[in-house]
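Here is the structure we will look at.
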Protein chains: 2
Amino acid sequence: MSNFALSEFLPYRLAVAASAVSDRFARLYSARFGISIPEWRVLAVLGSFGTAHARQLTALTTMDKVKVSRAVAGLETAGLLKRRADAADARRTLLSLTPKGARTYAAIIPLAEAMQAALLAELPPDARAGLDAALTLLSPR
Amino acid sequence: MSNFALSEFLPYRLAVAASAVSDRFARLYSARFGISIPEWRVLAVLGSFGTAHARQLTALTTMDKVKVSRAVAGLETAGLLKRRADAADARRTLLSLTPKGARTYAAIIPLAEAMQAALLAELPPDARAGLDAALTLLSPR
DNA sequence: TGACATCGGTTGCATTTGTAACTAATTGAC
DNA sequence: GTCAATTAGTTACAAATGCAACCGATGTCA
């Protein structure tokens, strides 16, 4: 019999922690604003970038284009996002937040910042730094 | 406009890293052995514990009972796992690996250990320690 | 110009996952 | 002992996700 322990396996531990932290944050906003995690990611990027193509969103949110497309559609239906044609390339659509979308963004950001602060507060400084370095090294690119 | 950056948001970064690492590991075994991540988790626990109830598996794999039930069914269909009645409580089923399941386990564990070693090798020692501490503190207890 | 590959984005379909309801067995209050 | 409440586990149905095909627009190369 082996001495392998799932509970010490890094991919497993990362998945468990990521899911716990995501759920914790999602509980803060999902019911209140009715948006999903993919939608939150798109909202967050458009809120800080102002305008972007769906193509750019795939890179900035680490989601594939189908997921982005559906998140954009959802936000549009909810009246949080608007599309307009890109004069330079008719295949593309320029995406940006509506005033309502901007208000929602402005309302969620404090929650995100509070979440981030709460998480960091749970970690001693060296764990914070190590986690930061590790996440960078283990993420794509 | 805010200076919030999704790319520095901990829940997001954790999700991205977790997914990258999981995919990387899954690529090693999923095609070769035809098992899913939930099935891998059950296999890993049964391989090291020998026998368990589904109920125990939910705790040891951090998956809900439906996911466990399906993973168990999948492993059974694949001939990797067998059920037998629990004399002490007819609601429960005792689960354990078949010889074939044990062989699969024995074949995957080295891959898991190599993966773990490869991941740790990418991290400097302080990042390793910090990540370890952080994952423990951020996971449900 | 025209033929063809490529790109941005959406849609259809199969698979996976989550939620809730359900069955069967056991426990516990009385 | 009887019966309601709880527990182990499965199933049915809905929502989310992934993959591949697809459509129209643009780029490329002759």
Side-chain angles (χ1 to χ4, degrees), chain A residues 12 15-16 18-20 22-24 26-27 29-31 34-42 45-46 49 51-78 81-96 140, chain B residues 15-16 18-20 22-24 26-27 30-31 34-42 45-46 49 51-78 81-96 140:
Chain A
Y12 171 74
V16 170
S19 149
S22 273
D23 288 358
R24 210 166 133 182
R27 249 193 304 284
Y29 70 79
S30 68
I35 67 181
S36 65
I37 288 182
E39 288 167 356
W40 146 250
R41 288 188 183 178
V42 168
V45 169
L46 287 182
F49 278 67
T51 295
H53 302 127
R55 177 77 176 102
Q56 301 176 294
L57 289 178
T58 63
L60 295 167
T61 61
T62 333
M63 303 192 298
D64 64 279
K65 61 184 184 173
V66 175
K67 217 166 182 177
V68 167
S69 172
R70 295 200 256 239
V72 165
L75 290 172
E76 187 183 30
T77 300
L81 169 156
K82 61 175 182 300
R83 316 180 193 230
R84 67 193 149 83
D86 181 345
D89 187 336
R91 289 171 302 184
R92 301 187 206 167
T93 308
L94 291 168
L95 306 168
S96 54
Chain B
V16 170
S19 151
S22 274
D23 288 358
R24 212 167 131 183
R27 248 191 304 283
S30 68
I35 67 180
S36 66
I37 288 182
E39 286 166 357
W40 145 251
R41 289 189 184 179
V42 168
V45 169
L46 288 182
F49 278 68
T51 295
H53 302 126
R55 176 78 176 105
Q56 300 175 295
L57 288 177
T58 64
L60 295 167
T61 61
T62 335
M63 303 192 298
D64 64 278
K65 61 183 183 173
V66 176
K67 218 166 182 177
V68 168
S69 172
R70 295 198 259 237
V72 165
L75 289 171
E76 187 182 30
T77 300
L81 169 155
K82 62 177 181 296
R83 316 181 193 228
R84 64 194 151 83
D86 181 345
D89 187 336
R91 292 170 303 182
R92 302 187 206 166
T93 309
L94 291 169
L95 306 168
S96 52

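Chain letters run A, B, ... following the sequence lines, proteins first and then strands; every chain starts at 1. What's counted below: heavy atoms across the whole structure, side chains too, no hydrogens, waters or symmetry copies. As the structure is a computational prediction, the values presented were derived from the model and not from experiment.
- If you check C:dT17, D:dT10, C:dG9 against the side chain of A:Arg55, the one that comes closest is C:dG9.
- Of the candidates D:dA8, C:dT26, C:dG8, the closest approach to any side-chain atom of A:Arg92 belongs to C:dG8.
- Distance CD (B:Gln56) to P (D:dT7): 16 Å, rounded to an integer number of Å.
- Side-chain contact between B:Leu75 and B:Trp40 is absent, with no heavy atoms from C-beta onward closer than 4.5 Å.
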Stepwise, does the side chain to side chain contact (heavy atoms under 4.5 Å, CB included) test hold for B:Arg84 with B:Thr93? CA-CA 6 Å; B:Arg84 64 194 151 83; B:Thr93 309; over 6 Å; no
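- A donor-acceptor distance shorter than 3.5 angstrom exists from the side chain of B:Thr77 to the backbone of B:Ala73, with no hydrogens or angles considered.
- Counting heavy atoms from C-beta outward, B:Met63 and B:Pro38 have side chains that approach closer than 4.5 Å.
- OP1 and OP2 of D:dG9 both lie 4.0 Å or more from every side-chain N or O belonging to B:Arg91.
- Between A:Glu76 and A:Leu95 there is no side-chain heavy-atom pair separated by less than 4.5 Å.
- Between the base of D:dG9 and the side chain of B:Arg83 there is no donor-acceptor pair shorter than 3.5 Å.
- At the heavy-atom level, B:Val66 lies under 4.0 Å from base atoms of the strands shown.
- Nucleic acid contact for A:Thr93: sugar-phosphate only, since backbone atoms but no base atoms lie under 4.0 Å from a heavy atom of the residue.
- Rounding to whole angstrom units, CG of residue A:Asp89 and C1' of C:dC7 are separated by 8 Å.
- For A:Ser69, a side-chain nitrogen or oxygen approaches OP1 or OP2 of C:dT10 to under 4.0 Å.
- Here C:dG18 presents its C1' atom at 14 Å from CE of B:Met63, a figure rounded to the nearest Å.
- If you measure from atom NZ of A:Lys65 to atom C1' of C:dC7, you get 8 Å, rounded to the nearest angstrom.
- Mapping A:Ala87 and B:Leu95 onto DNA chain D via the closest heavy atom, the residue that lands nearer the 5' end is B:Leu95.
- As a whole-Å value, the separation of B:Leu57 CG from D:dG9 P is 8 Å.
- Applying the 3.5 Å distance criterion, the base of D:dG18 shares a donor-acceptor pair with the side chain of A:Arg70.
- Comparing B:Val68 and A:Ala88 by the nucleotide of DNA chain D whose heavy atom lies nearest to each, the residue mapping closer to the 5' end is B:Val68.
- To the nearest angstrom, P of C:dT17 lies 15 Å from CG of A:Asp23.
- The side chain of B:Asp64 has C:dG18 as its nearest neighbour among C:dT26, D:dG18, C:dG18.
- For the OP1/OP2 pair of C:dG18 and a distance below 4.0 Å, the side-chain nitrogens and oxygens of B:Lys67 include at least one atom meeting the criterion.
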